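Just so it is clear, the structure is predicted and the values come from calculations on it, not from any experiment. Every chain is numbered from 1 and lettered A, B, ... according to where its sequence line falls, protein lines coming before strand lines.
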Amino acid sequence: MTAEIGQAAIYLSVLSCLWAIVFLGIGLWIRNARAIQSGRNAVVATFILISIATGALIYGFVTDDFSMKYVVEVSSAAQPLLYKIAALWGAMSGSLLFWLWLLTVGGAIVVWQNYQRNKQTQDTLADYSLIPIAIVQLFFVILVTGLIEGIYNPLARFPNGQVVADGQGMNPLLQTPLMAIHPPTLYIGWISLTIPFAFAVGALVSGRIGSGWILRSRRWMLFSWIILTIGITLGGNWAYKELGWGGYWAWDPVENASFMPWLLGTAYLHSVMIQEKRNMLKLWNILLITLAFQFTLLGTFITRSGIITSVHAFGGSGIGGYFLSFILASTAGVIGLIIYRWNRLKSANRLESLLSRESAFLLNNWLLVGLTLIILWGTLWPIISEAINGEKSSVPEAFFNKVVIIPGLLLLFLTGAGPIISWKKITANNFRRMFLLPLVIGLIGGALTWGFLALIGYTFPLYSVLCSFAAVFVLAAIFAEFYRGAKLRAKRQETSFVNGLNLLIQRNKRRYGGYIIHIGIVILYIGIMGSKGYFLLESQTMTLGESMEVGKYKLTMIDSFEKEYSNYLRSGVIFDVEKNGKRIGTMEPALHAYYTAKPDEEPTKESAIQHLGVNDLYIALASVPRNIKTGGVVNVQVYYNPLIGIVWIGVAVMVLGGIVAIAEKSERSKDALISEA
Amino acid sequence: MKKQSRLKIIAASAVLLAGMMFLVVAMTRSTSMRHFTPALLVAAENEAHDQRVQVDGLIAVGSSQWDAVDFKLTFAIQDRETEATVNVIYEDRLKPDNFKDGGSVFVEGKYDATQNLVVATKLMTKCASKYEGAESAVSTDETSYISE
């Protein structure tokens, strides 16, 4: 019965979405407050209806209702409760419903914030932006109704009252807590991008393209950015821990699909500052946010449409066409609105000099958008190459690694140069005061890195030297900013340096939160440089008692073991780890054989990871033979990943900086709105 | 003065754009690999001989052999539609999870037409996430690959 209620709720939400679009549209057109209120209510109604549908599906999982198609597909009676609920986004139909539900939450939040705000001011921007939100909701509602070929309703039952004895369950590889959080995190990040996009559309429709929409959308974008940062990293962390290939990023189309909106969002967060400060780049900002939103849909299209089948054989599911149509239609809509509002989109100011804060921001944007397009090019190369000469080709990981280095290093340099270069035009004084010392320190850092790498046998590590130079320069530049600001505050308030620093950050959370993010970026770069550039990989066939060497480490396989757990059998070997002849611990790489696995499914690798400071020793096994105690051989693959710990630390610092920055509730935004209205 | 700096900005943007495009085109040319199904690879053996290629197909049932002593995996990739197969050798690397008879597989490596053999440097099997078509409610059609 609950499934039927859920289905009915989905059908009704078609009406509530249409209601919202029509009544908000008419209400704003003829300025009728009651119609507008009715439209807002419909947005809330959609949220309630989709919550009912989602709840009904979760109820199906929890009660093991194996008459429901979707429950059978992704859940099973023995599945732990956490993964029964995570099954919600375990396959196509459910994940679309989940996506839709998050979008309705976003819509409801916009209504709520607007209600709070309207106690003080009458502002219709949010009402305008509810229309595009409702349109996007309608698109997803139609996808999950089951009326469209290719996707069934997630609440549908098998025909003729058929009930299956047990579900197929979720793949064991996905049954880790990380995998339970990773997809919803990315979804939240992607979906929350809809809201700033909707504000941009609202601004275009209403004609108020000043800084009002920017201020409203900026915090939403920062929120998306933080969540996407976390989501992407969780994915990398999961791959690193679970997949046994010792890496965390492989430029897979799915990874690229999550990374591209992140890059565009980063560009947007920077370019809005130019619009705020100098009233420039209005059109660019609207284009950027539109692109960022479209890239979240494009990501779905790329990974789910089957369009790159021959390379990665994604299940061609037939929804690609709908996504592509929606992308094209909504982009055409935005372009139409831009043409309609062309006169209001002109910049009030122009760039005055090549060496200025504005130019630095612009270069940052060029590079970020450029990187996005390069990654898109590489991801779509199979299609592009076929279109060019009829031969399907694709580019390997190496393409991406090589092509992102130079723009990536320029961007790194800008994270330090951008915040310290003066607006309008650099002056000799600005250069002497702000740049000279960080540059010198950076050069020393680069030289030291060179010396160190030369000592351990790398003769001309150009990129590492450049990366270290830029990294040290950025750190010096940003710490100097903190130092100068804190000292000034301390002096003015006649308090200690630490208090001054605290006050400094409190008073301008956005700016200094941003600087903290920049510090995180530097740390991340150093981690990537070490782990991608200098990892060691050794493979060996071993028997008990044998040893192998990886760098300074000696690994001796001393024993094997087998242990039963509630849903799998764990078998593995024990290594004694020595560094320079000194014993530092043991490691236990293993394999998990799930009892529910099908006969032809092999056990999954459970690699052993030993953190040695920020460096990791990583051991993966192929199999543990039954005769291991009597001379059977084990195939071992060992990675030494230098500085990989710094990757995670860097991301953590970035997230921390994001949280500091988002904490600033801009009072100016209200003023701006009032003055604009 | 203003006009001059505008020119500079345009010139700098052009240089940047040209540089990026050059980088992309050059890297695409130097790394791009042709993609084949086993049937197409066998048919194009002269062109593909000694080239780095990508092959995508199914693990031929019963063909896979894991030689633990030599740390070596050998198997044949079968075409999804025809009987054509290509042999694969993959050394000194672990088998990815989900490597099983009849499963989807994707390899990258150099093709030796004389032995109809790909010496693989990269081997991927299908990933665990299962976004699939509607009709496959009771199948486990999966999507992306896990790279090894």
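The CD atom of B/E47 sits 6.5 Å away from atom CD of A/E391, with the distance rounded to the nearest 0.5 Å. From B/L123, atom CG reaches atom CH2 of A/W245 across 13.5 Å, with rounding to the nearest 0.5 Å. Taking CZ of B/R52 as the start and OG of A/S393 as the end, the distance is 13.0 Å to the nearest 0.5 Å. Taking CD from B/E91 and OG from A/S539, the interatomic distance works out to 10.5 Å, rounded to the nearest 0.5 Å.
Applying the side chain to side chain contact (heavy atoms under 4.5 Å, CB included) rule to A/I426 yields the partners A/L355, A/I421, A/S422, A/N430, A/F431, A/F435; only residues at least two apart in sequence or on another chain are considered. Every residue meeting the side chain to side chain contact (heavy atoms under 4.5 Å, CB included) condition with A/L362, not counting sequence neighbours, appears here in chain and number order: A/L281, A/L351, A/W366. Residues passing the side chain to side chain contact (heavy atoms under 4.5 Å, CB included) test with A/I405, sequence neighbours excluded: A/L409, A/Y463.
A donor-acceptor contact shorter than 3.5 Å links the side chain of A/T541 to the backbone of B/V69.
Only the backbone of A/V636 comes within contact range of chain B, with at least one heavy atom under 4.5 Å from a heavy atom of that chain. Heavy-atom distances place the backbone of A/Q540, and not its side chain, under 4.5 Å from chain B. Using a 4.5 Å cut-off between heavy atoms, A/L363 touches chain B through its side chain atoms alone. Neither the backbone nor the side chain of A/L373 comes within contact range of chain B; no heavy atom of the residue lies under 4.5 Å from a heavy atom of that chain. A/P396 touches chain B through backbone and side chain together, each having a heavy atom under 4.5 Å away. The contact between A/P603 and chain B is made entirely by backbone atoms, counting heavy-atom distances below 4.5 Å.
The minimum heavy-atom distance between B/R93 and A/Q637, with the atom names listed, is CA-OE1, 3.1 Å.
Counting heavy atoms from C-beta outward, B/M33 and A/V395 have side chains that stay 4.5 Å or more apart. For the pair B/H35 and A/E386, the minimum side-chain heavy-atom distance is 4.5 Å or more. Contact of the B/L94 side chain with the A/N635 side chain is registered, since non-hydrogen atoms from C-beta on lie closer than 4.5 Å.
The most heavy-atom pairs under 4.5 Å with chain B, out of A/L591, A/L367, A/I406, A/V403, come from A/V403. When the candidates B/S13, B/S30, B/A12, B/A68 are compared by the number of heavy-atom contacts under 4.5 Å with chain A, B/A68 comes out ahead. Chain B forms the most heavy-atom pairs under 4.5 Å with one residue out of A/G167, A/G378, A/A620, and that residue is A/A620. Between chain B and the options A/L621, A/L410, A/T543, A/V634, heavy-atom pairs under 4.5 Å are most frequent for A/L621.
Contacts from residues 20-29 of chain B to chain A, taken as heavy-atom pairs separated by less than 4.5 Å, involve B/M20, B/L23, B/V24, B/M27, B/T28 in sequence order.
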